[in-house]
Amino acid sequence: MARRLRPVGLDFVETAPLRLVFAREMAASPEAVFHALAEDVPGWSQWFPAVTLARSTAEGAGREIRLRGGTRFEEAVLVARAPEVYAYRVDVTNAPGARALVEEWRLTPAGEGTRVQWTFSADGAAPFRLALRLGRAGLGRAFRDAVKALDRRLASTLA
């Protein structure tokens with residue numbers, strides 16, 4: 001059953017009760033990475049293995065995301081500042097126990113490539129927070145695999 005979450009702002013990235021931060025460098029430029037994150041939303045299912053469907057909604061101000069296993073998100077884009085930051089808030093989800101979720105992708109130049117930092121900020125019932133803490137390693141692996149796949153994808157489109 002889908003539930004509406006608390007509408008938090010971008011400051012939640014810093015103030016959330018639970019923050020999981022992952023970072024990795026990739027060869028692609030910040031501009032190319034930003035384009036893949038913010039402008040090629042349907043492409044997420046090609047490089048982020050957990051994503052089965054991604055589409056822009058509300059003329060680009062929102063997103064609909066579906067994950068393997070049936071989790072669904074209706075999201076609002078909070079900031080899309082090329083080529084530095086892309087962040088969105090989950091407004092509606094069927095994930096049990098969630099109260100507020102914001103994800104931020106921060107891009108900084110790293111030599112000729114990009115340092116990608118993904119912050120997953122959450123609040124929810126105690127079992128939800130515990131599940132995320134226990135799942136930290138899995139989320140980190142999913143992030144690393146996704147960034148590696150995105151880097152390969154971007155390299156093949158530039159070749």
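When reading the values below, keep in mind they use all heavy atoms of this one structure, side chains included, and skip hydrogens, waters and symmetry mates.
- Remark: F120 engages W118 in a ring-ring contact (aromatic ring centres under 6.0 Å, His included) (not counting sequence neighbours).
- Looking only at distances, no side-chain donor or acceptor of T71 sits under 3.5 Å from a matching main-chain atom of L67.
- Residues A122 and P17 approach most closely at O-CD, 3.5 Å, considering heavy atoms.
- The OG1 atom of T119 sits 9.0 Å away from atom CG of L20, with the distance rounded to the nearest 0.5 Å.
- Looking at heavy atoms from C-beta onward, R129 lies in side-chain contact with R133 at the 4.5 angstrom threshold.
- W105 is not connected to V102 by any chain of hydrophobic side-chain contacts under 4.5 Å among Ile, Leu, Val, Met, Phe, Trp and Tyr, and they are in different clusters.
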Verdict with reasoning, D123 to F12, per side chain to side chain contact (heavy atoms under 4.5 Å, CB included): CA-CA 10 Å; D123 188 16; F12 189 71; 3.9 Å; yes
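- The minimum heavy-atom distance between P7 and R89, with the atom names listed, is CA-CD, 3.8 Å.
- Residues V21 and R136 approach most closely at O-NH2, 3.6 Å, considering heavy atoms.
- Distance check, rounded to the nearest 0.5 Å: OG1 of T93 to CD of E74 gives 9.0 Å.
- Side-chain atoms of N94 never come within 3.5 Å of backbone atoms of R3 as a donor-acceptor pair (strictly under, hydrogens ignored).
- None of I65, V51, L53, T52 except one satisfies the side chain to side chain contact (heavy atoms under 4.5 Å, CB included) rule with S45; the exception is V51.
- Pairing each heavy atom of A28 with each of L154, the nearest pair is CB-CD1, 3.6 Å.
- The hydrophobic clustering, which links ILVMFWY residues whose side-chain heavy atoms are closer than 4.5 Å, places F73 and L139 together.
- Once rounded to the nearest 0.5 Å, the distance linking CD of E75 with CD of E64 reads 10.0 Å.
- Under the 4.5 Å side-chain heavy-atom criterion for grouping Ile, Leu, Val, Met, Phe, Trp and Tyr, F22 is connected to L18 within one hydrophobic cluster.
- V116 and F143 make their closest contact through O-CZ, 3.7 Å (heavy atoms, listed as atom of the first residue, atom of the second, distance).
- Atoms CZ and CZ, from R99 and F128 in turn, are 10.0 Å apart once rounded to the nearest 0.5 Å.
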Test side chain to side chain contact (heavy atoms under 4.5 Å, CB included) applied to M26 and K148, step by step: CA-CA 7 Å; M26 53 192 297; K148 189 185 308 181; over 6 Å; no
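- Between the CZ atom of R152 and the CD atom of Q46 there is a distance of 12.5 Å, given to the nearest 0.5 Å.
- If you chain together hydrophobic residues whose side chains sit under 4.5 Å apart, V85 and V147 never meet in one group.
- The cationic group of R63 lies under 6.0 Å from the six-membered ring centre of Y88 and within 45° of the ring axis, placing it in a cation-pi geometry.
- Atoms OG and CD, on S121 and E103 in that order, are 8.5 Å from each other to the nearest 0.5 Å.
- In this view, D40 and R153 satisfy the salt bridge (Lys or Arg N to Asp or Glu O under 4.0 Å) rule, not counting sequence neighbours.
- Taking hydrophobic clusters as Ile, Leu, Val, Met, Phe, Trp and Tyr residues chained together by side-chain heavy-atom distances below 4.5 Å, W44 shares a cluster with L150.
- The nearest pair of heavy atoms linking T114 to S29 is OG1-C, 2.9 Å.
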